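Read through the structure below, which is laid out as structure tokens, and then see the notes.
Letters A, B, ... are given to chains in the order of the sequence lines, protein chains preceding strands, and every chain is numbered from 1. Model, not experiment: these values are computed from the prediction.
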Protein chains: 2
Amino acid sequence: MNDKVTIKTIAKIANVSHTTVSRALNDSPLVKEKTKKEIHEIAERLNYSPNLNAKALVEHRSFIIAVYFTDLNSGTSPSFMSEMLHQIKEMLPKGYEIAVDSFASLRQSKQAINLRFDGALVVSQSSTDDVYIEQLANTGKPVVILNRKVERTDLFNYASDDYSGTVTAVEYLLRMGHRRIGIISGKEEFTSSQNRLAGFVDTLQKHGISLNNKWVVAGDYSVKSGYNAMEKILNLGELPTCVFASNDDMAMGAMRACEDYGFSVPEQISFMGFDDSSYSNYCIPRLTTIKKPMREITNNGIKTLNDLINNQSPKTVQSLNIKPSLVVRESVKKLN
Amino acid sequence: MNDKVTIKTIAKIANVSHTTVSRALNDSPLVKEKTKKEIHEIAERLNYSPNLNAKALVEHRSFIIAVYFTDLNSGTSPSFMSEMLHQIKEMLPKGYEIAVDSFASLRQSKQAINLRFDGALVVSQSSTDDVYIEQLANTGKPVVILNRKVERTDLFNYASDDYSGTVTAVEYLLRMGHRRIGIISGKEEFTSSQNRLAGFVDTLQKHGISLNNKWVVAGDYSVKSGYNAMEKILNLGELPTCVFASNDDMAMGAMRACEDYGFSVPEQISFMGFDDSSYSNYCIPRLTTIKKPMREITNNGIKTLNDLINNQSPKTVQSLNIKPSLVVRESVKKLN
DNA sequence: TTGAAAGCGCTAACAC
DNA sequence: GTGTTAGCGCTTTCAA
């Protein structure tokens, strides 16, 4: 292909220097309108497209936004990820590319972090990410951490307050008369799992409700793990009246297990989820859940990064720990 | 930060020329082992990281793999996308970045396609992508098209044979005794919707079954659209015994509508989905569906692109239209 | 308003 | 084995 159209090609045709072409193409006020127009025409005709590598080299920036996930494979819900990418793409200045990567894959291949980016957005799930976050921050380039509250206070950081969300959840369950409550927890390494579990345990304790340890079963946030965890609980003999699943996917798996074992939901066992995934309003029964404020998290994050990259001090706050809200649907029965 | 560690910095310390450093770092056999070791040590100590922009400029490649979706927003199922990205990341040579983009956003912002990539993977849903695929192909760089069969035969192209999948689906429904069958179709512009609809219509006709046009309702592949579409059908008075939903998500929405309107599934109305999404084995009832061969599609695509980038002629075939398979579960009742 | 020249950090002839 | 030099395509002084 005619890859070789450079500013020099255009310069020759327009009978000017390549400097002028560069200026014209960058809409510099130093170039006469007429020349500018001519150059633009030629560029268009030749289907000129600037060599971003050269531009990046000389301008000391790369036109790349790095988006890091803890793990592309598991944990980050696909819908979160896809919404994320979509929003970033919408809000980012034209000409920027989005480079997707994961800390898990870096760790696995023992690779160093790639420094070619102008700003980074980190969707963090685990404190094991901190090593990498450190490295990103050390570049001095704009970095925004989402999804998980980090220790460092000098970083822009927007997260969901999962602990408080779970408190809300459990208090609702208590109000509905439940006292025998189990939990299916999420991926152990994930901060969200830890916070949700802690919120659960603490709230029961605070209200003087004893927790049956057999009703605390580990899942990994997948639908299947919810199913398996619930099987364990159902085989216990002594059943809870309600199970809090640390995310909606596991709740769906768990409800399916009940169906298979002949327990009706919510008549015999109630369920509470977390996240408010797009399926939770359509499963049977509709899932009562805690709505994770994904929209606010991503919006804040992207806006901030955007400002940072354009060297404006962000109009957003430095850090946010957003309280999730309760979404009452059909999966929790009121006991009398 | 100490961003400024370049090969020249290292050269000065090691008392060699920057060329030698370059060679050493690239593990050239031309450099003495001892010097090499020294240089590597210094590089490590200084936390040297090569400037990819410079490297890219001189090597005429960019270490970027472009991944294009028709639309990041809708149509491409999030789980497909995330599995895709994960697999690419796993199989791609180290040091490569994955740049995610969508034709929809290009179109919206009237942007030209970005030429900074060494190979492109296109997850195409619609023939409107062809303009862009053309441009990508014209770069002469490796391009692999997934998900949809394109006209051009010179491109590497792996897709699911949705038409034949739907034939399989409908013939199964007929075998189960259904004659009054409706369809909820997907996004109109998407090739998959068109093929699935065509397969549906053709197969009914081939078997001499008349199609009630009122039972042909348009959705857009979202759960909600499946719900809405099913509402329309349920309000019709005359009901089908079975509805084929063009994807699993819509089937889930439709089954939920039945629940809300007091129709039992599959006793009164049966459902068949498409895709075999991760939820289809856990919803209530479990969804009988057609398994889209995503794994084969992505595997072939990534392997091929990989070979192409490394200048090997791919061990894979040029083009594949993979037949999906039937997955029988619980949502289709056998009529007698 | 334009051009000449330098240089971004790297690789690759071509010498030695 | 190693160094010198040139050059990738671009922006940016500085001079005219």
Whole angstroms only, please: what is the CD-P distance between Glu38(B) and dG1(D)? 14 Å
Sub-4.5 Å side-chain heavy-atom contact between Ile302(A) and Leu121(A): yes
As a test of reading the structure: which of dT2(D), dG9(D), dT1(C) is closest to the side chain of Leu30(A), going by heavy atoms? dT1(C)
When only distance counts, do a donor and an acceptor, one from the side chain of His18(B) and one from the base of dT2(D), lie under 3.5 Å apart? no
Ion pair Glu38(A)/Lys34(A), N-O distance below 4.0 Å: yes
At under 4.0 Å between heavy atoms, what does Val58(B) touch on the DNA or RNA strands: base, sugar-phosphate, or nothing? base
Is the base of dA12(C) touched by the side chain of Thr19(B) through a donor-acceptor pair closer than 3.5 angstrom? yes
Is Ser17(B) near enough to dG3(D) that one of its side-chain N or O atoms lies under 4.0 angstrom from OP1 or OP2? yes
Gap between atoms CG and C1', on Leu52(A) and dC8(C) respectively (whole Å): 15 Å
Expressed as a whole number of angstroms, how long is the span from Lys34(A):NZ to dT2(C):C1'? 14 Å
Do His60(B) and dT11(C) have a side chain to base donor-acceptor pair shorter than 3.5 Å? no
Asp27(B) atom CG is separated from dA12(C) atom C1', nearest whole Å, by 17 Å
Out of dG1(D), dC10(C), dG9(D), whichever nucleotide has its closest atom nearest the side chain of Lys4(A): dG9(D)
Inter-residue atom distance Lys55(A).NZ - Leu57(B).CG, 0.5 Å rounding: 14.0 Å
Distance, rounded to the nearest Å, where Lys8(B) contributes NZ and dT5(D) contributes P: 12 Å
Let me know the distance between CZ of Arg61(B) and P of dT11(C), rounded to the nearest Å. 10 Å
Using only side-chain N and O atoms of Thr20(A), determine if any of them is under 4.0 Å from OP1 or OP2 of dG3(C). yes
Round to the nearest Å and state the distance from Asn53(A) atom CG to dT11(D) atom C1'. 15 Å
Is Lys55(B) close enough to dT11(C) that one of its side-chain N or O atoms is under 4.0 Å from OP1 or OP2 there? yes
With a cut-off of less than 4.0 Å, is there a side-chain N or O of Tyr48(A) near OP1 or OP2 of dC10(D)? yes
Give me the ring orientation class for Phe103(B) and Tyr68(B): parallel if the planes are under 30° apart, tilted from 30 to 60°, perpendicular past 60°. parallel
Among dT2(C), dT11(D), dG3(C), which nucleotide sits nearest the side chain of Ile7(A)? dT11(D)
Using the closest heavy atom to pick a nucleotide of DNA chain D for each, name whichever of Ala54(B) or Thr35(B) lands nearer the 5' end. Thr35(B)
Whole-Å distance separating the CD atom of Glu33(A) from the P atom of dT2(C): 10 Å
Is it true that, when you exclude Gln111(A) itself, more than 12 heavy atoms of the residues, nucleotides or ligands shown sit nearer than 6.0 Å to its CD? yes
